[in-house]
Amino acid sequence: LSKNDDNDDDFDKLIEDLRRPDKNWQGFVDSLLEIPDSQLLAGDLLFILVINFLLQIANDVGDPSFWLSGGFSQPVTMPVTLLAVVVRDSKMSISWVLSALWNR
């Protein structure tokens with residue numbers, strides 16, 4: 001597209017239509033959901049998961065009942081706080097992805 005003196009109004013209207021999401025909904029959704037670097041996104045989400053596990057370990061170790069039950073010498077069982085980790089990780093990951101899409 002090039003701007004021509006004869007078609008200034010048509011050109012401006014076309015550019016305005018391309019910028020409005022309601023005029024080109026499919027293109028808007030495609031450009032919104034495009035992930036330029038999927039490895040970077042996967043690394044970010046994995047890092048958020050690791051941080052959530054470390055936060056949960058710090059929370060459990062900081063609890064006085066952990067030390068009264070034997071500390072690190074107590075038997076290893078399935079943690080009952082795993083749901084809290086999953087919920088917190090889900091919230092943080094969804095927030096991270098939505099903020100990335102919003103700030104594009």
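Quick caveat: nothing in here was measured; it's all calculated off a predicted structure. Side-chain atoms are counted along with the backbone in the values below, which use heavy atoms only and exclude waters and symmetry mates.
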### Query
How far does CG of Asn52 sit from NZ of Lys91, to the nearest 0.5 angstrom?
11.0 Å
### Task
Examine Trp67 together with Phe72 and report whether their ring centres are nearer than 6.0 Å.
yes
#### Entry: By side chain to side chain contact (heavy atoms under 4.5 Å, CB included) - contacts of Asn59 (at least two apart)
Gln56
### Query
Quick one: are Val97 and Leu45 in side-chain contact, heavy atoms under 4.5 Å?
yes
### Task
First locate atom CG of Asp44, then atom OG of Ser93, and finally report the distance between them rounded to the nearest 0.5 Å.
9.5 Å
### Message
My understanding is that only residues two or more places apart in sequence, or in another chain, count here; which of them pass side chain to side chain contact (heavy atoms under 4.5 Å, CB included) with Ile57?
### Response
Val61
### Query
Less than 4.5 Å apart, any side-chain heavy atom of Leu82 and any of Phe53?
yes
### Query
Can you tell me how far the CG atom of Leu49 sits from the CE atom of Met92, to the nearest 0.5 Å?
10.5 Å
### Task
Flag yes if Phe47 and Leu55 sit in one hydrophobic cluster, no otherwise; membership is Ile, Leu, Val, Met, Phe, Trp, Tyr, and two members link when side-chain heavy atoms are under 4.5 Å apart.
yes
#### Entry: Pairing residues for Ser73 by the side-chain hydrogen bond (donor to acceptor under 3.5 Å, both in side chains) criterion, not counting sequence neighbours
none
#### Entry: Atom CZ of Phe66 with >12 non-hydrogen neighbours under 6.0 angstrom
yes
